[in-house]
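Each chain gets a letter, A, B and so on, in the order its sequence line appears, and its residues count up from 1.
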2 protein chains.
Amino acid sequence: GVAPAVHAQEAIRWRLASSFPKALDTIFGAAETFAKKVGEMSGGKFQISVHPGGELMPAIAGMVDNVQKGTIEMVHTAPYYFFGVNDVFALGCAIPFGLNSRQMTAWMYQGNGLKLMREFYSKYNIVNFPMGNTGAQMGGWYRKEIKSVADIKGLKMRVGGFAGKVLTRMGAVPQNIPGGEIYQALEKGTIDAAEWVGPYDDQKLGFNKVAPFYYYPGWWEGGPQLDAFVNKTAYDKLSPENKAILESAAAYAHTDMQAKYDAKNPEALKQLVAAKTKVLPFPKAVMDAAFKESMALYTEMSESNPDWKKIYTDYAAFRKDQNLWFRFTEMRFDQFMQAQKL
Amino acid sequence: GVAPAVHAQEAIRWRLASSFPKALDTIFGAAETFAKKVGEMSGGKFQISVHPGGELMPAIAGMVDNVQKGTIEMVHTAPYYFFGVNDVFALGCAIPFGLNSRQMTAWMYQGNGLKLMREFYSKYNIVNFPMGNTGAQMGGWYRKEIKSVADIKGLKMRVGGFAGKVLTRMGAVPQNIPGGEIYQALEKGTIDAAEWVGPYDDQKLGFNKVAPFYYYPGWWEGGPQLDAFVNKTAYDKLSPENKAILESAAAYAHTDMQAKYDAKNPEALKQLVAAKTKVLPFPKAVMDAAFKESMALYTEMSESNPDWKKIYTDYAAFRKDQNLWFRFTEMRFDQFMQAQKL
């Protein structure tokens with residue numbers, strides 16, 4: 001026989017490196033959901049394989065570089081990990097006393113957020129897509145109670161990303177420890193405290209067994225957004241259809257990941273409390289001191305980093321308006337519901 | 001020449017009827033966004049024309065029937081409009097003292113919500129897709145202050161959907177008035193009060209000029225979800241690719257619509273306040289009375305409607321867990337932020 005003259009279009013095959021381990025079905029799962037949707041919508045003609053942190057490259061270090069150079073087509077990560085490259089990365093994820101989850105999505109989708117961040121990321125040959133939010137995280141696990149600002153001084157704490165800058169100003173000693181080594185460090189007392197995400201993820205790592213006090217809120221990440229970083233050269237080669245598919249698959253995963261955290265956290269919190277975890281709010285004085293240091297830091301950054309100044313100015317104005325509006329009907333409704341016996 | 005043996009696949013053309021007028025760029029706009037994404041992802045091979053309320057069929061009346069029979073392939077609507085068909089429709093949208101926006105999405109995407117509602121809607125030959133949420137709505141515009149539960153008695157109020165059942169139990173006289181006629185009725189005093197959505201939509205209708213008191217929260221819709229209702233017969237004929245495209249386009253529009261409300265409402269609220277609108281919370285006694293009547297109503301419905309009982313039982317358990325969890329880190333973070341000078 002004769003081979004058909006017209007060959008089926010060859011499938012596009014991409015690889016996605018996640019910053020997270022498979023065990024985090026929430027956050028790693030979002031990348032899997034995304035890839036599945038892309039495959040379904042394209043009828044298998046656009047396939048993306050998803051790789052856990054460390055499989056193809058280090059989970060965090062060098063990731064921006066790898067996307068920029070096209071070593072990999074895309075990654076799924078928490079942009080604030082890369083504040084060492086430029087502090088502006090944190091604005092696309094979470095900064096202390098920043099936007100909450102819904103507000104962050106509003107800034108991205110309908111404010112200037114996505115436009116401004118894409119303009120910034122283009123310097124790194126990156127096109128980004130919002131792809132998940134954890135919601136307001138918990139403030140972490142502590143071996144001793146935090147009763148005042150003085151208790152923060154000298155505190156050796158494992159904390160991810162940009163927040164360490166504020167904690168350092170408060171006298172803490174932030175520690176950079178990979179997820180898999182936190183438990184041991186906390187058990188041995190090498191560190192005094194560690195934050196990770198929230199009840200569902202934290203429970204898996206067993207922190208409650210080695211640190212009894214679980215504080216809230218995680219004021220350094222009130223609504224951290226995960227992003228897909230896509231190599232712009234690879235992105236530009238996609239057909240208009242595949243570009244649109246990539247965008248909507250990311251939107252699906254974005255919403256689905258927040259939904260998963262919301263659906264899974266309550267049961268985990270109940271189990272942690274049943275296992276004698278003491279869930280406590282940070283003292284107001286600690287929150288006030290952290291807020292003050294954060295605002296001072298942002299002012300300093302605006303003086304030294306023009307990109308920060310430009311994007312943070314827009315972010316801060318949006319945050320002000322959002323908090324003005326949310327204090328009315330959303331807050332009153334939630335407060336009333338939370339006070340009821342349901 | 002000889003015509004090619006293989007013809008290009010013909011485009012699928014669907015029509016979508018919205019329940020809303022074009023002027024509501026938020027809620028009508030969500031359907032347009034959805035259709036645009038479907039067109040882009042399919043390379044124009046799946047086209048959906050979007051028609052405002054009243055263009056192809058009445059904006060609300062008969063809509064379920066029309067989808068069921070396949071008179072139209074799909075509609076975009078607020079399911080609680082159809083509580084007259086079955087009260088269960090309200091559970092897929094909003095009930096008084098129900099889930100807030102994020103919780104509703106969590107129930108749908110990662111709880112049993114979508115599964116249970118699809119099972120129910122299948123009786124009407126409908127497959128539904130979450131497609132937008134307004135967030136907690138405002139409690140509406142009042143010609144006179146509401147100081148106590150007594151002020152609700154005899155109140156002639158325009159209110160959409162299912163909420164009228166609870167207001168009737170409180171002594172109010174709910175009025176069913178189309179959006180375009182509310183202003184005049186309120187101006188003439190034919191009605192005493194009217195609720196619509198929130199600052200951005202309400203401002204367009206000019207209610208602030210004829211009713212000075214703007215109450216919150218809209219306790220009857222803390223997070224109303226809009227849905228696409230798709231005729232199941234038409235849906236089943238779609239290719240797996242187009243089914244997946246429809247789902248992700250709806251997810252994009254779902255998230256984008258909430259983002260648009262969040263981004264637009266603050267400025268509108270500021271303008272309304274500058275124009276002398278008095279923004280007031282409902283007295284706690286009014287909220288308490290409304291809550292009590294709502295819970296009594298749900299108990300009665302569970303006794304008479306097995307579908308309600310089945311789905312509401314799951315919904316109520318989810319609501320209980322959500323409010324348990326949200327009162328910790330989310331609430332504390334939001335409260336702190338809203339108390340700051342930003």
With a 4.5 angstrom heavy-atom cut-off, which part of A:Gln258 approaches chain B: side chain, backbone, both or neither? side chain
Indicate yes or no: at least one non-hydrogen side-chain atom of B:Met104 is less than 4.5 angstrom from one of B:Tyr315. yes
Turns out that what part of A:Gln137 lies under 4.5 Å from chain B's heavy atoms comes down to backbone
Which pairs would a plain distance check flag for residues 219-226 of chain A, meaning a side-chain donor or acceptor within less than 3.5 Å of a matching protein atom at least two apart in sequence or in another chain?
unit_1   : atom_1 : unit_2   : atom_2 : d
A:Trp220 : NE1    : A:Glu195 : OE1    : 3.4
A:Glu221 : OE1    : A:Tyr80  : OH     : 2.5
A:Gln225 : NE2    : A:Asp227 : OD1    : 2.8

Under 4.5 Å between any side-chain heavy atoms of B:Asp262 and A:Arg102, yes or no? yes
Top contributor to chain B interface from A:Lys341, A:Lys284, A:Gln335, A:Met295 [non-hydrogen pairs under 4.5 Å]: A:Gln335
Between B:Glu32 and B:Lys36, is there a side-chain N and carboxylate O pair less than 4.0 Å apart? no
Side-chain donor/acceptor of B:Asn100 to backbone N/O of B:Gln103, under 3.5 Å: yes
Contact part of A:Phe291 toward chain B, heavy-atom cut-off under 4.5 Å: side chain, backbone, both or neither? side chain
Chain B shares the most heavy-atom pairs under 4.5 Å, among A:Thr105, A:Leu246, A:Asn265, with A:Asn265
Check whether A:Phe97 gets within reach of chain B through its side chain, its backbone, both or neither, counting any heavy atom under 4.5 Å. both
In a check of ring-ring contact (aromatic ring centres under 6.0 Å, His included) between B:Tyr142 and each of B:Tyr214, B:Tyr215, B:Phe213, which one passes? B:Tyr215
Could you tell me if the side chain of B:Lys270 sits less than 4.5 Å from the side chain of A:Leu324, heavy atoms only? yes
One option among A:Ser248, A:Ala106, A:Gly111, A:Ala263 has the most heavy-atom pairs under 4.5 Å with chain B, and it is A:Ser248
Please look at B:Phe326 and chain A and tell me whether the side chain, the backbone, both or neither of the residue comes under 4.5 angstrom of a heavy atom of that chain. both
Contact leader toward chain B among A:Pro199, A:Ala316, A:Ala317, A:Gly139, where contacts are heavy-atom pairs under 4.5 Å: A:Pro199
Given A:Ser239, A:Ala251, A:Ala339, A:Ala268, the one with more heavy-atom pairs under 4.5 angstrom with chain B than any other is A:Ala251
Just so I understand: if I count every heavy-atom pair under 4.5 Å between each of A:Leu269, A:Asp256, A:Thr255, A:Asp334 and chain B, which residue has the most? A:Asp256
Going by an N to O cut-off under 4.0 Å, is there a salt bridge joining B:Lys243 and B:Glu247? no
When rounded to the nearest 0.5 angstrom, what is the spacing between CD in A:Gln271 and CD in A:Gln203? 4.5 Å
Let me know if A:Ile245 has heavy atoms under 4.5 Å from chain B in its side chain, its backbone, both or neither. both
Between B:Met138, B:Met331, B:Arg319, which has the largest tally of heavy atom pairs under 4.5 Å with chain A? B:Met331
